[in-house]
Amino acid sequence: MTDAPRIRLLPDPLVDQIAAGEVVERPASVVKELLENALDAGARRITIEVEHGGKRRIRITDDGSGIHPEDLALAVTRHATSKIRQLSDLSAARTLGFRGEALPSIGSVSQLTITSTRAGAAEGASVTVSGGIGAETRPAPPTPGTTVEVRDLFYNTPARAKFLKADTTEWGHVAETVTETALGAPGVTFVLTHNGKPGRRFDAADDFAARAAQVCADEVAAQLIPVSAHDPERGMRLTGLIARPGFTRSGRDTQRLIVNGRPVKNSTIGHAVYAAYETALPGGRHPVFLLSLTLDPAQVDVNVHPTKREIRLSQGGQVHHFVRGAVRDALGGFRGNTLRLTRMASPADGLPTAPGNPSADWAERVRQAAVRSVTPPGAASPMGGTTTAREPVMPFGASMQAATGAAPTLPGMPTQTGAAFAENAPARVVGQVQRTFVLVEQGDRLRVIDQHTAHERILFERLLARLNDQGLPGQRLLVPLDVELPAADAARLAEHVDELARLGLEVEPFGGDAFLIRAVPEPLAGRDPRALLVDIVDELSARGSGAEAMQSLLHRLLATVACHAAVKAGDPLSTPQMERLIADLEQVDNPHTCPHGRAVTAVLERDTLKSLFDRNWGA
Amino acid sequence: MKIRMERGELLAGLSRVQGVVERRNTVPILSNILLEANSEGVHLFATDLEIGLKGTYPAEVLSPGAVTLPARKLFEIVRELPEGLVEVMEEAQWVTVTAGRSRFRVASLPSEDFPPAPEPEGEVLVPVTRDVLSTMIRKTFFAVGDIDTRYVLNGVLVTASAAAAGPASLRMVATNGHRLAVIEREVTVDGPLELSAIVPRKALVEMKKLLEEDEGEVSIGFTDKRVVFKKQGLTMVSQLVEGTFPAWEKVVPEETANTVTLNTAEAIASFRRVSLLCQEKTWAVRFSLSENLLTLVANNPEQGEATEEIAVEYAGADMSTGFNARYFIDVLQNVDGESVRVETNDALSPCLIRDQGDPGYLSLVMPMRL
């Protein structure tokens, strides 16, 4: 019989290797840690060179403040950091990294070389660590900033190396990490290469929205509208881009969220965005959003997970309310519904750019950028032909300014091409096609309106308005039902008892957190009253008013009524009927989609029409 | 298997099971019907695992055996066949249906995979005649809940209690949580009987159909878990709904302050007319009682207002409340008497409707707050 192994302290390199398991999972996680360090050092330009998906080599060069030669050896020691000094600093941490475990962790599973020169110093210094061993500082040439090179990741931990994927997969993760990080630092230039070839390039942008437009594919960027909101009282600020109403995707991959400069995932904020879209999202479809939220650091707990991917919000409700309101305002304010098929003017049109005009209104720039939206070459156009759109080659990371420059401003045309829907230009009904679509000329655009979805939307909003005016009859229950609610829900429900009674849902406090349901709204009388009450309480927490909560429960019902009452595709419409339809459509809150989320309008810009006929001269 | 039978017989059998077979089914074989041929004739059996319906029909059995075929498709085929004999022959997974010069080859599924027909034993028979059973179902069925998540409301409660042989009261109760219908009939039992069972909606629908088919004698019996309905050559077995039925007796007021008598036919007509202008997706109608006058008002702000005045005998205080007109119409259409007595205490309490032609019947409608 052998002796049971004795307990002993692990040697430091092994401790570091174990710790590395938490922080360093793959090349992309190395890149993430190193980029955070570079940004914390105040870098304005960061170059990321990657070989073989980062498995062979990762080299990150920044022009930041550099590391003091005497600190270099310390930097590769665990829990050594310049970013916090005491526990109380943690809650106020404004830097991206703070744990002091990144460099030693990386050093323990690779060949790590750090070369750094402090600004103004006559000489730089360099330190090399191999598998966590050897940290001797040597002098180096004085190149300002810091270069970190990581070679042969996991060379000494074959078990981990085995789990790395193909070069292309790892490269994809690295590119994603750089993109995410770039979103968190719009003012910094990022240049990324793979095996010596250009990968991504994001030139320094004026603000988050400009950076957001850079990271999107052009055809997506063209469908985005700006969001901007500020709550000075609570120190909350939201900026970014969201999909216009009617533009949805089947996946969530183009949803990006930056909180206090850090790419994160957070279900509260995500839910707030979805809630703001409401009926503009068909079932199973997802919006695109790139949002940057600034909150009081004290309200955000980032130290939940080693990769800082998850955050906890101490005032989740407030943030939800703020984000939903901001996104809803942006959607509500958007009237220039576009399903654009415009052709991009060629650079030869010689349009002046707006070089570095920092005060340029972002909304305006995005709108202009949207004009260069793209039809895939050769795609069939609604006019039955084939567009001949040529897409000028935009260098990766071409700045928004360049993109703006490509916006066509033709003589005699208003520069603001994203004119509002209900705005000024009178609409003229051209006629009906296929007994399904109404053609409307309005200013410089030809609108194609789906008569059914348009009418459906109009009727739906009328039904809603009526609900809010009149209330609903409450069918009393034969046997009142008691429901016990969680304390917070009970308190919320108690506040809305009177309002809900007007909407047909009669509940009364039944001692403690219990309620007695006495009546249910007649249109919902077929549902289980207990389930109904629970749904209402859920909606109350998301929406705040009883009428809004009830509306969301009645939504499907109202949408069905509206759908059945609306004119159908195939119904012939006279000109007065079409004119009335268009006039009514201009009055509704959301003229973009029907209550089921289908599009109402498509727009053909004058440019598109002209380009179909190669009519590029004058107006 | 090879059989020859009259088209009419086969069609009747197939049409009976259509309601049992679920159109959309994750278990493909449950969309099928089992045909089993033996010396007694042909047995047709269909089930959705809750209800099973089995019938026996005369046929010339040339070779016994069993086969399953798509219930809906077979029904559609036989419906279109000419009058006369139909031959059904199985050959290696394929079944040929021949009549006159028409021939169909239909894919079958193996009969061994078909769930066996439950053979209930020891069911307690409830001594009830065809007419009584038919009436009891008719006068309660409309109040059964529909797709309610409180499953017990999606069925009719059947109760009876007798300590010994002799007269006993058989009762059926249905409610959807907003209205209630109760019917009682006296039956004669030949021994002690203790029954409380909830029969699901779907079983009631099938029973109603079978009861309406002809005048033949029927029987209904219960085991702990099942209800068994039989008539000539037919057996339907259904599972009962498990759970506790709401304590409906407490809801029926013992005394009522206000009573109005209405002519059934006139009241139906008034309710129908006034509800033409109900608010969208509701059947909300305002009831106002004053001396010898009942006024019904419905309004829809988009379309207008409808008013019906009905002369009644009423001497109580003026009162006003709201009701779902549909609930009243449902009751009034099923009562036997030329008039009904409507009783209530106040605007928010239950409203009783008594059938002047059937003292064993009571319906109750909860008011609506408008």
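In what follows, chains are A, B, ... by sequence order, proteins preceding strands, each numbered from 1.
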When only heavy atoms count and the cut-off is under 4.5 Å, which of residues 559-579 of chain A reach chain B? A:Val561
Within a 6.0 Å radius of atom NZ on B:Lys209, are there more than 12 heavy atoms belonging to other residues, nucleotides or ligands? yes
Looking only at B:Gly177, B:Ala284, B:Ala247, the option with the highest number of non-hydrogen pairs under 4.5 Å against chain A is B:Gly177
Checking B:Asn300 against chain A: side chain, backbone, both or neither under 4.5 Å from a heavy atom? side chain
Those residues of residues 340-351 of chain B that come under 4.5 Å of chain A on a heavy-atom basis, listed by number, are B:Leu348
Drop me the distance from A:Glu522's CD to B:Phe323's CZ, to the nearest 0.5 angstrom. 13.0 Å
Ring pair (Phe, Tyr, Trp, His ring centres under 6.0 Å) partners of A:Phe510, counting only residues at least two apart: none
Engaged part of B:Trp283 at the chain A interface, taking heavy atoms whose separation is under 4.5 Å: both
For B:Thr282, is it the side chain, the backbone, both, or neither that has a heavy atom closer than 4.5 Å to a heavy atom of chain A? both
Tell me whether A:Arg580 at atom CZ has more than 12 heavy atoms from other residues, nucleotides or ligands lying less than 6.0 Å away. no
Proximity breakdown for B:Tyr327 and chain A, heavy-atom pairs closer than 4.5 Å: side chain
Report, in residue-number order, which members of residues 356-370 of chain B are under 4.5 Å from chain A by heavy-atom distance. B:Leu364, B:Met366, B:Pro367, B:Met368, B:Arg369, B:Leu370
Smallest heavy-atom separation, A:Gly471 atom then B:Gln279 atom, equals O-NE2, 3.7 Å
Find the distance between NE2 (B:His178) and CG (A:Leu478) and round it off to the nearest 0.5 Å. 9.0 Å
Interface moiety of A:Leu558 toward chain B, non-hydrogen atoms closer than 4.5 Å: neither
